[in-house]
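Naming: A, B, ... by sequence-line order, numbering from 1 per chain.
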Amino acid sequence: MNYWLLKSEPDVYSFDTLLNEKKGIWDGVRNYQARNNLKLMRNGDLAFFYHSNIGKEIVGVIKIIKEYYPDPTATDGDWVVVEVEPFCKLKKQITLEMIKKDLNLQNIGLIKQSRLSVMSIKKEEFDYILALSES
DNA sequence: GCCAACGTTGGC
DNA sequence: GCCAACGTTGGC
């Protein structure tokens, strides 16, 4: 079981859109490192849904329900998608500002690799952020 | 709108 | 294989 963080600009594709649509295809990834992470995802893995640019906060958790297959929106190259469904909405959103200030989260990919859109999250980080959102 | 931090491309 | 030029992401 692995944990991930997926970024999306909410004016393009938001967590609420996914909630309404019940299920989503994570397409359009055009970065090798992000793609490699997509390929490592397994059914049942959980991922944070982060809103970049607008909000700059983790808003929910999603579950991987279908492992990678070729991205139908790609005209060339070896790009892939996974399918996801909403798992839960966070009671309290966790902002980038909070994460940056939190001494327990200084090594999180969101800060270390700010441009990567699909990254892995340590179980401790995942559990810690979930606990924060409940507090 | 700007810019830092990357990633990609192409000339050499 | 190196590196300059350029493009993109995302925070500010």
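Side-chain atoms of A/Ile64 and A/Arg42, non-hydrogen and from C-beta on, never get closer than 4.5 Å to each other.
Counting Ile, Leu, Val, Met, Phe, Trp and Tyr side chains that sit under 4.5 Å apart, directly or through other members, A/Tyr69 shares a hydrophobic cluster with A/Ile25, A/Val81.
Between A/Glu97 and A/Lys56 there is no salt bridge, since none of the side-chain N atoms of the basic residue sits less than 4.0 Å from a carboxylate O of the acidic one.
A/Glu21 meets the side-chain hydrogen bond (donor to acceptor under 3.5 Å, both in side chains) test with no other residue; sequence neighbours excluded.
Counting any heavy atom pair closer than 4.0 Å across all strands shown, A/Gln33 reaches sugar-phosphate atoms only and no base atom.
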Protein-to-nucleotide contact annotation, 5' to 3' order, nucleotides 5-12 of chain C [B base; S sugar-phosphate only; - none; under 4.0 Å, heavy atom] = --BBBBBS
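Taking the six-membered ring where the residue is Trp, A/Phe126 and A/Phe48 present parallel rings, their angle staying beneath 30° rather than reaching 60°.
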